[in-house]
Number of protein chains: 2
Amino acid sequence: MLTERQSMILNAIVDDYIRSAEPVGSRSISKRGDVAFSPATIRNEMADLEELGFLEQPHTSAGRIPSNKGYRYYVDHLAPLKPLRAEDLKLFKQLAAEKLNAVEEVIQHAGTILASMTNYTSILMGPEMFHTVLKHFQLLPISETTAVAIIVTSTGEVENKTVSIPKGVSASDMERMANILNAKLAGVPMHKLKARLYSEIGQEIQRHAEHYEGLMKLLDDSLENGKDPKVFLSGTTNMLIQPEFKDIGKLKTVLDLLEETPTLMRLLNSEQRGIQVRIGSENVHQAFIDCSLITATYSLDGEAFGTIGILGPTRMEYAKVIGTLDLLSRAMSRALAGRYGA
Amino acid sequence: MLTERQSMILNAIVDDYIRSAEPVGSRSISKRGDVAFSPATIRNEMADLEELGFLEQPHTSAGRIPSNKGYRYYVDHLAPLKPLRAEDLKLFKQLAAEKLNAVEEVIQHAGTILASMTNYTSILMGPEMFHTVLKHFQLLPISETTAVAIIVTSTGEVENKTVSIPKGVSASDMERMANILNAKLAGVPMHKLKARLYSEIGQEIQRHAEHYEGLMKLLDDSLENGKDPKVFLSGTTNMLIQPEFKDIGKLKTVLDLLEETPTLMRLLNSEQRGIQVRIGSENVHQAFIDCSLITATYSLDGEAFGTIGILGPTRMEYAKVIGTLDLLSRAMSRALAGRYGA
DNA sequence: GTTTAGCACTCATTTGAATAGAGTGCTAAC
DNA sequence: GTTAGCACTCTATTCAAATGAGTGCTAAAC
């Protein structure tokens with residue numbers, strides 16, 4: 001689609017623009033050395049590239065900036081990942097070495113590493129609960145009217161929810177319930193718990209206790225939580241240092257969206273494994289129109305998958321970020337592997 | 001210290017400035033109606049007030065703005081709290097009515113209400129653990145090498161921590177440990193748990209098991225968490241809409257500090273009960289030099305205290321915020337009262 | 001003695017014109 | 001096909017003048 005030279009020039013422009021955040025002119029490209037043509041020649045090519053939609057011109061007498069299409073081409077034809085700097089690698093090693101026990105700790109730590117290494121905002125999602133199974137269930141009375149339901153999953157995560165105790169249900173009732181649940185539901189995937197509760201536990205409970213309705217309500221409530229993976233953010237304030245967000249309005253739109261966990265989850269989610277780059281308007285959400293979101297997936301014992309991502313301006317250091325995400329997602333998969341059997 | 005008239009004028013200036021964020025001149029005060037003097041008279045008083053340190057002048061030909069001392073006077077002589085708007089009261093009623101079970105849910109919800117009502121940033125701190133006592137302890141093996149320690153407090157909060165199992169410790173060992181802890185430490189205040197572990201549980205464990213060192217380490221680790229109250233933020237992006245933070249540098253300083261939970265906790269903490277106003281440099285932390293922090297305490301069954309606070313620019317709607325905090329802290333105390341016995 | 005009208009003065013902000021500079025597009029020469 | 005040269009466009013900068021909000025002071029009015 002593009003000639004060798006056009007490709008080189010586009011590459012040089014994107015590179016330059018990523019560094020400087022200023023429209024780049026023909027002269028500066030010519031001087032870079034890697035494209036040994038005169039400014040005039042480069043100008044001709046730039047005009048063509050603009051016509052093809054890879055470049056844009058803020059105004060007639062300015063240099064060119066990459067369009068979304070331009071970034072897309074750049075990313076798709078990115079040179080092989082360059083190795084990370086030694087100091088960055090050290091951080092990864094630390095992650096692997098550090099004795100982090102719960103999955104969530106690993107994730108959170110990875111998030112801060114990611115944000116500090118890239119100077120962008122990191123968004124990490126815990127593993128989907130698809131392959132996570134119930135390890136232990138407990139129902140603990142706190143007062144006359146309330147109890148705490150505790151769910152421990154195979155990944156070591158502990159979910160809890162306070163529920164109210166229906167009238168007439170005694171502490172021993174609850175203990176029996178918990179025992180039944182543990183016996184019948186341990187090892188069942190989290191997202192199937194509720195269905196199993198009705199299909200298998202229902203009649204059991206009817207046999208053992210009187211307050212069928214109340215108890216079922218209690219258990220149903222107890223299992224309510226813990227299906228949705230959590231979202232961890234780090235480095236949100238890094239957004240402030242990007243010149244494209246010196247406009248506070250734009251900034252607020254983005255930061256506000258970052259607080260909306262459910263929307264964020266929808267944006268991060270994708271069936272696809274591996275690295276994914278969404279540039280500018282490729283992001284469905286209006287608020288991310290000036291942002292690029294790069295995500296990678298990590299796995300937990302090759303089964304459950306989680307997502308790690310970086311959000312930055314479209315003018316993002318793609319090469320570095322993609323390389324970092326790639327390595328970190330592997331590092332995470334490694335750090336998590338084997339620790340938590342299903 | 002100030003004459004009646006000076007006081008009125010200062011009041012008018014602060015009021016005006018809070019609304020407009022612009023230096024206010026003698027003329028506009030004169031036209032307000034509540035200070036029926038000519039601009040010239042008001043100018044004289046303003047000059048005096050400036051000399052006394054209550055006002056400042058950005059430059060010679062500008063109006064005056066309140067100094068920290070001016071705000072302080074304003075706050076200390078604030079007119080009796082005006083009643084909230086009907087729609088705001090409705091939000092409070094909702095808080096009380098809604099069936100929120102865990103203390104943390106109540107706090108979090110109160111935080112969002114607070115932020116949306118005031119358009120500032122709300123900072124809420126859970127009740128200090130001073131009067132919270134241990135309700136239940138559990139140690140649950142997850143894999144060969146790791147276990148989850150679960151601590152349930154009298155307030156219904158569930159803390160959990162993943163710990164590694166020392167070599168040679170069996171599942172039954174752990175079960176016995178948990179039983180001992182429950183028997184001996186239930187009802188003990190959270191902040192005393194560790195001390196009691198060593199003073200009372202030590203020899204007990206020595207008698208029952210072989211791996212004394214490993215077990216003590218395990219239990220010590222398990223109790224590590226859960227002493228510190230949590231901090232909840234809401235409406236951080238409201239900071240962006242304040243004109244005083246259109247300077248991104250300043251903004252970042254503040255937002256960065258908001259991410260530092262421990263520092264935040266230190267800033268919020270105070271022995272004092274009731275409402276407290278810290279204006280500008282009265283805040284110890286450099287980052288809050290242009291901010292005011294207003295806090296109120298709520299109680300949980302009259303024993304444990306938590307803090308709710310609002311962070312905004314020094315040019316803050318003090319009357320409204322103080323009124324809101326006052327009512328909300330009472331509403332929270334009410335909403336929490338009686339639900340969670342010690 | 002207190003209050004106020006009047007007025008000269010100050011200083012930030014706005015406005016507009018002139019200028020500089022970066023970069024382009026086109027043409028003609030190499 | 002490539003490049004030097006040049007006219008042209010448009011933004012950003014600079015500077016001076018105009019604007020206007022607001023003050024401080026003085027002298028008159030109450």
Side-chain angles (χ1 to χ4, degrees), chain A residues 2-10 12-17 19-67 70 243-244 246-247, chain B residues 2-10 12-67 70 243-244 246-247 315:
Chain A
L2 291 188
T3 67
E4 178 72 14
R5 195 166 69 186
Q6 282 175 327
S7 184
M8 277 170 59
I9 290 176
L10 176 56
I13 290 174
V14 176
D15 256 4
D16 246 44
Y17 184 64
R19 259 196 319 96
S20 68
E22 299 283 316
V24 353
S26 52
R27 217 175 114 76
S28 60
I29 294 298
S30 171
K31 277 199 295 197
R32 274 173 51 118
D34 54 348
V35 187
F37 290 96
S38 78
T41 310
I42 292 174
R43 271 207 292 285
N44 286 330
E45 297 285 28
M46 280 161 93
D48 289 350
L49 283 169
E50 182 171 358
E51 199 154 341
L52 290 169
F54 292 95
L55 295 178
E56 283 168 6
Q57 211 172 8
H59 54 85
T60 346
S61 71
R64 304 301 210 290
I65 62 175
S67 66
E244 21 272 285
K246 69 180 187 310
D247 171 4
Chain B
L2 292 188
T3 68
E4 178 72 12
R5 194 166 70 185
Q6 283 174 326
S7 184
M8 276 169 58
I9 290 175
L10 176 55
I13 291 174
V14 177
D15 256 4
D16 245 46
Y17 185 64
I18 285 176
R19 258 197 319 97
S20 69
E22 301 282 317
V24 354
S26 53
R27 216 175 115 74
S28 60
I29 295 298
S30 171
K31 277 198 296 198
R32 273 173 52 117
D34 54 349
V35 187
F37 291 96
S38 78
T41 310
I42 292 174
R43 270 205 294 284
N44 286 330
E45 297 284 29
M46 281 162 95
D48 290 350
L49 283 169
E50 181 170 0
E51 200 155 338
L52 290 169
F54 292 95
L55 294 179
E56 284 169 4
Q57 212 172 9
H59 55 86
T60 344
S61 71
R64 304 301 210 290
I65 63 175
S67 66
E244 21 271 286
K246 67 181 189 308
D247 171 5
R315 185 188 58 79

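Residue numbers start from 1 in every chain, and the chains themselves are labelled A, B, ... in the order their sequence lines are given, proteins ahead of strands.
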Student check: side-chain heavy atoms of [X] and [Y] closer than 4.5 Å:
{"X": "B:E45", "Y": "B:F37", "answer": "no"}
{"X": "B:R64", "Y": "B:L49", "answer": "no"}
{"X": "B:Q6", "Y": "B:F54", "answer": "no"}
{"X": "B:V24", "Y": "B:D15", "answer": "no"}
{"X": "B:D34", "Y": "B:M8", "answer": "no"}

Measure [atom1]/[X] against [atom2]/[N] and give the value in whole Å, please.
{"X": "A:K31", "N": "D:dT3", "atom1": "NZ", "atom2": "P", "result": "16 Å"}
{"X": "A:I42", "N": "D:dA4", "atom1": "CD1", "atom2": "P", "result": "12 Å"}
{"X": "B:Q6", "N": "C:dT3", "atom1": "CD", "atom2": "P", "result": "12 Å"}
{"X": "B:E45", "N": "C:dT4", "atom1": "CD", "atom2": "P", "result": "11 Å"}

Nucleic acid footprint by protein, nucleotides 11-26 of chain C - heavy-atom cut-off 4.0 Å, B for base, S for sugar-phosphate alone
BS---------BSBBB
Look at the side-chain N and O atoms of A:T41 and state whether any lies under 4.0 Å from the OP1 or OP2 oxygen of D:dT2.
no
For B:I13 and B:M46, run side-chain contact (heavy atoms from CB on, under 4.5 Å): C-alpha distance rounded to whole Å, both residues' side-chain angles, the deciding distance at 0.1 Å, then the answer.
CA-CA 9 Å; B:I13 291 174; B:M46 281 162 95; 3.9 Å; yes
